[in-house]
Trainee: 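Dropping the structure in here first, questions after.
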Amino acid sequence: MEIDFDTRQEAAEFYRNLPSSFRQVTGVMLINSRLAVFPEKTTDYKEFAQLIARYISERYEKKWIMTIIKNYYYFTDPEEQVAILNIVFAIFAGEKNDLPQTEVLEDRRTIITDALEGILQEHHSVSFASIVRFRLTAYRKALRRYVEIAIDEYKLEQEYQVFIDKLRRIIRAYKPLCEKIEVYDEQPFKLYDERHHLIRNIQSVRSFYPILKQWGIEAEPSIVLSLIALAPKQVIVYTDRPDYGVMKTLHRVFEDRVCFVPSSLHMTSGHRVSQ
């Protein structure tokens, strides 16, 4: 079978990207702007399709994703485009598996490989340009779905950041009510004041929610809002999960006011005698 490229340079670049072991086993030959390949087994077609898929992904995927972001969803700000692109690549890398939509996503590498394998087996001669431009509809559709999910996540992250910024401004706007609060990561969370007394009824928290509404915040009671209402100068959190979502929020809101300590240390601290 033969693959025709637009230029000899493009053909040579593709040829160089093929593993030498594959070139030897399948007898790949570079003839001007054409690549002659002699696959013998079904597995040869599969491997060749995977190699083409990798080449196309490395060369075109980023550009195609940026085009989708700009032309289909009309994000024109370069910073926003890059932020969405980074989320897409994070999904590719498996770093966003907590997003519900990713559970039903088809693997885009499988989609492109299957499409290419069918093309290679059905055609004796094929144009690489036609593959890129016309034969990868399902793959491009999959990329668009990834972008849609990334945009949804980006919007949520923006809303979350606005929420965090408002909470930071509230902290800066009101005078601290106490020096230190200690938080024990239990079910439910337990709060102790600077005299190591358990804080049972936080009236100030209950009266704090009308203030939140003045800042445009509609939120359910939480450990974060309780601490904001108490307005301590320092927050010490005894926890074994500093990377947990609520802990990250505490860190973002209170910044250098918060300190995370392993839970094992509070057992020997003597701070729980006044419950």
Trainee: With a 4.0 Å cut-off on N to O distance, would you call Glu255 and Arg172 a salt bridge?
Mentor: yes
Trainee: Can you tell if the side chain of Met1 reaches within under 4.5 Å of the side chain of Gln121, non-hydrogen atoms only?
Mentor: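 SC-SC contact between Met1 and Gln121 ruled out.
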Trainee: Taking NZ, NE, NH1 and NH2 as the nitrogens, is one of them in Arg16 or Glu13 under 4.0 Å from a carboxylate oxygen of the other?
Mentor: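 Answer for the salt bridge query: no.
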Trainee: Looking at residues at least two apart in the chain, or sitting in another chain, which of them share a side chain to side chain contact (heavy atoms under 4.5 Å, CB included) with Thr7?
Mentor: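 Result, side chain to side chain contact (heavy atoms under 4.5 Å, CB included) vs Thr7: Gln9, Glu10.
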Trainee: Report the residues that fulfil side-chain hydrogen bond (donor to acceptor under 3.5 Å, both in side chains) with Tyr72, sequence neighbours left out, ordered by chain and then residue number.
Mentor: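 In terms of side-chain hydrogen bond (donor to acceptor under 3.5 Å, both in side chains), with neighbours along the sequence ignored, Tyr72 is linked to no residue.
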Trainee: What residues form a side-chain hydrogen bond (donor to acceptor under 3.5 Å, both in side chains) with Thr239, not counting sequence neighbours?
Mentor: Asp185
Trainee: With rounding to the nearest 0.5 Å, note down the distance linking NZ in Lys63 to OG1 in Thr67.
Mentor: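 Output value for this atom pair is 7.5 Å.
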Trainee: Testing the basics here: between Arg8 and Ser33, what is the closest heavy-atom pair and its distance to 0.1 Å?
Mentor: N-CB, 3.7 Å
Trainee: State which residues pass side chain to side chain contact (heavy atoms under 4.5 Å, CB included) with Asp240; sequence neighbours excluded, sorted by chain then number.
Mentor: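 With neighbours one apart ignored, the set is Pro262, Ser263.
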Trainee: Kindly give the heavy-atom pair with the smallest separation between Leu35 and Ala11, and that separation in Å.
Mentor: CD1-O, 4.4 Å
Trainee: To the closest 0.5 Å, what do you measure between CG (Asp243) and NZ (Lys248)?
Mentor: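 Nearest 0.5 Å value for the CG-NZ distance: 5.5 Å.
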Trainee: I'd like a table of donor-acceptor pairs (distance under 3.5 Å, sequence neighbours excluded) in which one partner is a side-chain atom from residues 111-120, with atom names and distances.
Mentor:
residue	atom	partner	partner atom	Å
Thr113	OG1	Arg109	O	2.7

Trainee: Report, as yes or no, whether the 6.0 Å neighbourhood of atom OH on Tyr244 holds more than 12 heavy atoms from other residues, nucleotides or ligands.
Mentor: no
Trainee: Using side-chain heavy atoms (C-beta onward) and a distance below 4.5 Å, is Thr26 in contact with Glu40?
Mentor: no
Trainee: Using the rule given for ring pair (Phe, Tyr, Trp, His ring centres under 6.0 Å), can you reason through Phe5 versus Phe14, listing the C-alpha separation, both sets of side-chain angles and the distance that settles it, and then say yes or no?
Mentor: CA-CA 9 Å; Phe5 292 84; Phe14 181 86; 5.4 Å; yes
Trainee: What pair of heavy atoms forms the shortest contact from Asp107 to Thr110, and how long is it?
Mentor: OD2-N, 2.9 Å
Trainee: Is it true that Glu194 and Lys180 make a salt bridge, defined as a side-chain N closer than 4.0 Å to a carboxylate O?
Mentor: no
Trainee: Is a donor on one side and an acceptor on the other found under 3.5 Å between the side chain of Arg23 and the backbone of Tyr15?
Mentor: yes
Trainee: Minimum heavy-atom separation for Val183 and Leu191, please, with both atom names.
Mentor: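 Smallest interatomic distance, heavy atoms only, reads CG2-CG, 4.3 Å.
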Trainee: Between side-chain atoms of residues 133-141 and protein atoms elsewhere (two or more places apart, or another chain), which donor-acceptor pairs fall under 3.5 Å?
Mentor:
residue	atom	partner	partner atom	Å
Tyr139	OH	Glu61	OE2	2.5
Arg140	NH2	Val132	O	3.0

Trainee: Which heavy atom of Leu230 sits nearest a heavy atom of Cys178, and at what distance?
Mentor: O-SG, 3.6 Å
Trainee: Roughly how far, to the nearest 0.5 Å, is the CD atom of Glu148 from the CG atom of Leu105?
Mentor: 9.5 Å
Trainee: Give every donor-acceptor pair under 3.5 Å between a side-chain atom in residues 46-55 and any protein atom, sequence neighbours left out.
Mentor:
residue	atom	partner	partner atom	Å
Arg54	NH2	Asn17	O	3.3
Tyr55	OH	Arg59	NH1	2.6

Trainee: Donor-acceptor pair, distance only, cut-off 3.5 Å: does the side chain of Asp44 make one with the backbone of Lys41?
Mentor: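 Answer holds: yes.
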Trainee: Ile69 and Leu85: which non-hydrogen atoms are nearest, and at how many Å?
Mentor: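 In this case the closest contact between Ile69 and Leu85 is CD1-N, 4.0 Å.
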Trainee: Can you tell me if Arg168 uses its side chain to pair, donor with acceptor, with the backbone of Arg252 under 3.5 Å?
Mentor: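 Judged by distance alone, yes, a pair lies under 3.5 Å.
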Trainee: Any side-chain heavy atom of Gln81 within less than 4.5 Å of one from Met66?
Mentor: yes
Trainee: Check whether any side-chain heavy atom of Ile149 lies under 4.5 Å from a side-chain heavy atom of Leu99, and answer yes or no.
Mentor: yes
Trainee: Could you tell me whether the side chain of Ile56 reaches within less than 4.5 Å of the side chain of Phe128, counting heavy atoms only?
Mentor: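 When only atoms from C-beta onward are counted, Ile56 and Phe128 do touch, with a gap below 4.5 Å.
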Trainee: Could you pull out all residues at least two apart from Phe38 that satisfy ring-ring contact (aromatic ring centres under 6.0 Å, His included)?
Mentor: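 Partners of Phe38 under the ring-ring contact (aromatic ring centres under 6.0 Å, His included) test: none.
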Trainee: Could you list the residues that satisfy side chain to side chain contact (heavy atoms under 4.5 Å, CB included) with Lys155, not counting sequence neighbours?
Mentor: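 Applying side chain to side chain contact (heavy atoms under 4.5 Å, CB included) to Lys155 gives Phe75, Ile151.
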Trainee: Excluding sequence neighbours, so at least two apart, what forms ring-ring contact (aromatic ring centres under 6.0 Å, His included) with Tyr60?
Mentor: Trp64
Trainee: Checking Asn86 now: which residues fulfil side chain to side chain contact (heavy atoms under 4.5 Å, CB included) with it, not counting sequence neighbours?
Mentor: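 Side chain to side chain contact (heavy atoms under 4.5 Å, CB included) list for Asn86, sorted by chain: Val82.
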Trainee: Side-chain atoms of residues 91-98: list all donor-acceptor pairs with protein atoms under 3.5 Å, sequence neighbours left out, distances to 0.1 Å.
Mentor:
residue	atom	partner	partner atom	Å
Lys96	NZ	Glu157	OE2	3.3
Asn97	ND2	Gly94	O	3.0

Trainee: Hey, is the main chain of Gly245 close enough, under 3.5 Å, to the side chain of Thr249 for a donor-acceptor pair?
Mentor: yes
